[in-house]
There are 2 protein chains.
Amino acid sequence: MKFEPITIKDIAKALGFSTSTVSRALRGGYEISEETKRIVLEYAEKINYHPNPIALSLKERRTYSIGVVVSEIANNFFSQVINGIESIAYDAGYHVIITQSHELHKQEKLNVEHLASRSVDGLLISLASETNDVSYLKSLNQKGLPIVFFDRTTDEIDTHKVIANNFQGAFDATEYLIKNGKTKIAHLTNSPHLSITRQRLDGYKAALTKNGLVVNEQYIKYCEQGGQDYNEILAAVRELLTSENPPEAIFIASDKLTTGCLKALRTFSRKVVDGLSIAGFTNSNLVELFEFSLTTVRQPAFEMGQIATKLLIQLIESKRPLSEIDFETRTLQTELILKNQEIMA
Amino acid sequence: MKFEPITIKDIAKALGFSTSTVSRALRGGYEISEETKRIVLEYAEKINYHPNPIALSLKERRTYSIGVVVSEIANNFFSQVINGIESIAYDAGYHVIITQSHELHKQEKLNVEHLASRSVDGLLISLASETNDVSYLKSLNQKGLPIVFFDRTTDEIDTHKVIANNFQGAFDATEYLIKNGKTKIAHLTNSPHLSITRQRLDGYKAALTKNGLVVNEQYIKYCEQGGQDYNEILAAVRELLTSENPPEAIFIASDKLTTGCLKALRTFSRKVVDGLSIAGFTNSNLVELFEFSLTTVRQPAFEMGQIATKLLIQLIESKRPLSEIDFETRTLQTELILKNQEIMA
DNA sequence: TTGAAAGCGCTAACAA
DNA sequence: TTGTTAGCGCTTTCAA
């Protein structure tokens, strides 16, 4: 029982023109008399005509929509990125279709293939924790689907990428902990095949090394599921804090892990937790309300979404085939937000 | 530079059949020889054929997608609802298109009209704070677009609705504050034209009245923008706490207002805030990390999304016109989660 | 059992 | 300047 929308044919019939005349009047409108044009436009306005975008898509082989794949919209980082994406896309006349992978490779692939089959004009994606096979993306990309990666990227596909300066962000946070007197600094991080994991790990290690500390592999804990399963985080934190040589600080590589770690800390006695310093990547806007004061690395999420979208639209609207484009990786600076009572040494 | 997907025509040409034969082989498949069917299916499988959903949509006048409008995906309540929606929709073969109104009426209308023109098969919507004119929705609904409201509904459109028991949730929270010895209880709430605002306000008032307390209109503060603008919340909280007769407790009607209020409280001295009790609606999963301990009313958000989606799909797939359907309003129970150190009297 | 042709709504090449 | 026609990919009468 769907309603019958008004079509160009209805207008043509009502006005005694052919459909093509109406079509021409409605769009560009050169090679058409001002008079006819006026009549058609007025009538279209009056009966509230809107072209059927599905028919347009079929004809033009494009949809003016872009697909987005993130792991979780509930994650403030991603919701901020999405706001950035929307801010650009809508102004450029594109619609945004948001999907979630929930950190699962299978779900991610399903989403991407659905989006591609629905003929989105391009794709913005941050890979799931679980993903280490991007061949399906590569093949879509080679077939001509424009893709821009943000946040979690891959080296295997040559296209535009927008990331935070993960190395520097991690470096700064770690060095900050060191400057505040910590020498035993653990690192709680995401799945090892994510780009952000490697970059942040490198920053962490570099800060230790530069400050004459040794990297202790026992202190590095990976969460394969990116913290989707809280127990994974709890286990990691427990291993750290109950070891013979527990760390004095933890540097955490992502949003969900950071809040998950704080939750885990609540299961320990004050004695264990007191004196422990936490620094972590997070874009949560509720950090200031937390009981546990921590230092955070904040990514310019909104801006990241904006830039990725601009780059994608540029690709979509470019006349040149993807293979001829010089791709770039934009790196945005992170911001270190200090725990209230401490200072940057 | 878009890639050329495989069409039914390619298969027909390759196999020497007509397109209609191929089409028949691919779907239903009665009135076609087993042999031909096998050949076609095998070939289609081999070259990885997928029907073009756009063409299908044009033909069938439906898209197997449902549109969702919420105020903010960053809000945990809404992201949980969306997860519930997806869990049902995907299994039923529908795709979900998420949009945000950011509490703005104009944006909401734009989104809805975009979704409708893109021919979503149905709409799930929670109204923006700013919205009090739903005539555009009514007209779409009358033209045959199935709509299911959740959370923030309207009386002006007769269709399925799924809401929490807002009255009871508010009643319970308020009574809990009373049982813990508070008599001066303020209410911080959303825009007055939202359904949830009225329902929660009624619950609040009923609890006061039942317990022999009088309703003090000075204690009721509305935030027209639903807390999108933090200053709005700050101003309201300030008015309450700096009045001659400040409240001993505040019952807060929504997620964003609850966290916003907690932020506002941090601008006051300990003396002012100490002893103040807060109870509020929120589905944030970070409450347990907050410094300020509060009692929360939690809505079954995931379930709400699931039920709303089931009802919507039922409407979409029903053969009867919308006008002949008996609509229902499902009310789900909320959960009162007590602040740690207190008990339910 | 299969094919030819029309049609979903629109645009554009070609004619008039 | 306007109309006719074909075609985007698919399904579905109607003929064969």
Side-chain angles (χ1 to χ4, degrees), chain A residues 1-41 43-44 47-65 93 116-121 143-144, chain B residues 1-41 43-44 47-64 116-121 143-144:
Chain A
M1 267 324 282
K2 287 306 294 268
F3 49 106
E4 300 299 323
I6 297 145
T7 74
I8 230 172
K9 216 189 258 177
D10 300 324
I11 303 185
K13 204 186 302 173
L15 264 39
F17 289 117
S18 74
T19 56
S20 38
T21 303
V22 175
S23 169
R24 272 186 289 248
L26 255 22
R27 32 191 53 233
Y30 57 114
E31 60 177 23
I32 193 146
S33 88
E34 280 304 317
E35 177 61 3
T36 318
K37 192 164 158 187
R38 196 184 49 73
I39 297 179
V40 172
L41 286 176
Y43 184 72
I47 63 174
N48 195 26
Y49 166 81
H50 288 288
N52 179 333
I54 311 251
L56 273 177
S57 294
L58 184 60
K59 180 123 252 279
E60 295 184 25
R61 300 153 137 254
R62 58 177 307 188
T63 55
Y64 285 99
S65 61
S117 82
R118 270 266 151 218
S119 305
V120 291
D121 296 340
K143 284 184 193 151
Chain B
M1 263 327 279
K2 287 306 296 272
F3 50 108
E4 300 298 325
I6 297 147
T7 75
I8 229 172
K9 215 190 258 177
D10 300 324
I11 303 185
K13 204 186 301 172
L15 264 39
F17 288 116
S18 74
T19 57
S20 34
T21 302
V22 176
S23 169
R24 273 187 288 247
L26 254 22
R27 33 190 52 234
Y30 58 114
E31 60 178 20
I32 193 146
S33 86
E34 279 305 316
E35 176 63 4
T36 318
K37 191 164 156 189
R38 195 185 51 71
I39 297 178
V40 171
L41 285 176
Y43 185 73
I47 63 173
N48 194 27
Y49 167 81
H50 288 288
N52 179 335
I54 310 253
L56 273 177
S57 294
L58 184 60
K59 182 121 248 279
E60 295 183 25
R61 298 150 140 257
R62 59 176 307 187
T63 54
Y64 285 98
S117 81
R118 270 267 150 216
S119 304
V120 290
D121 296 340
K143 284 184 193 151

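Residue numbering restarts at 1 for every chain, and letters A, B, ... go by the order of the sequence lines.
Mapping A/Tyr49 and B/Thr19 onto DNA chain C by nearest heavy atom places B/Thr19 closer to the 5' end of the strand. Sequence order on DNA chain C of the closest nucleotides to B/Thr36 and B/Leu58 puts B/Thr36 first from the 5' end.
Checking the phosphate oxygens (OP1, OP2) of D/dT2, no side-chain nitrogen or oxygen of A/Ser18 falls inside 4.0 Å. Under 4.0 angstrom from either OP1 or OP2 of D/dT2 there lies at least one side-chain N or O belonging to A/Ser33. Contact annotation: B/Thr21 does not reach the phosphate of C/dT2 (side-chain N/O to OP1 or OP2, under 4.0 Å).
Considering only side-chain atoms of A/Ile8, the nucleotide from C/dC8, C/dC10, D/dG9 that sits closest is C/dC10. Across C/dT2, C/dC8, D/dC10, the shortest atom-to-atom separation from the side chain of B/Ile32 is found for C/dT2. Checking D/dC10, C/dG9, D/dT2 against every side-chain atom of A/Lys59, the shortest atom distance belongs to C/dG9.
Taking the side chain as every heavy atom from C-beta outward, B/Ser57 and B/Arg118 never approach each other to under 4.5 Å. Inter-residue side-chain proximity for B/Ile47 and B/Ile11 is flagged as met; some heavy-atom pair is nearer than 4.5 Å. Looking at A/Tyr49 and A/Leu26, their side chains come closer than 4.5 Å, going by heavy atoms from C-beta outward. Using a 4.5 Å cut-off on side-chain heavy atoms (C-beta onward), A/Pro51 and A/Leu56 make contact. Residues A/Val22 and A/Leu15 fail the side-chain proximity criterion, which asks for heavy atoms closer than 4.5 Å.
Following rounding to the nearest Å, A/Arg61 (CZ) and C/dG9 (P) show an atom-to-atom distance of 20 Å. One can place CG of B/Leu26 at 9 Å from P of D/dC10, the figure rounded to the nearest angstrom. The distance between atom CD of A/Glu60 and atom P of C/dC10, rounded to the nearest whole Å, is 12 Å. Atom pair A/Ile6:CD1 and C/dG9:C1' shows a separation of 13 Å (rounding to whole Å applied). Atom CZ of B/Arg118 is separated from atom P of C/dC10 by 13 Å (rounded to the nearest Å). Summarising the geometry, the separation between CG on B/Asn52 and P on C/dC8 is reported as 18 Å, rounded to the nearest angstrom. Between the CZ atom of B/Phe17 and the P atom of D/dC10 there is a distance of 17 Å, rounded to whole Å. The distance between atom CZ of B/Arg27 and atom P of D/dG9, rounded to the nearest whole Å, is 17 Å.
Here the closest heavy-atom approach between residue A/Thr63 and residue A/Val120 is recorded as OG1-CA, 3.6 Å. Looking at every heavy atom in both residues, A/Tyr64 comes nearest to A/Gly93 through CB-O, 3.7 Å.
No engagement by A/Ser57 is indicated, since no non-hydrogen atom pair under 4.0 Å with the nucleic acid exists. Contact annotation for A/Thr7: backbone-only contact, meaning every heavy-atom pair under 4.0 Å involves sugar-phosphate atoms and none involves a base.
Note: A/Arg24 CZ to A/Ile8 CD1 = 10.5 Å, rounded to the nearest 0.5 Å.
Axis deviation across the helix from C/dT1-D/dA16 to C/dA16-D/dT1 amounts to 60°, comparing end segments of five pairs, rounded to 10 degrees.
One donor-acceptor pair, N or O on each side, does fall under 3.5 Å between the base of C/dA4 and the side chain of B/Ser20. Within 3.5 Å, a donor on the side chain of A/Arg24 pairs with an acceptor on the base of D/dG3, or the reverse.
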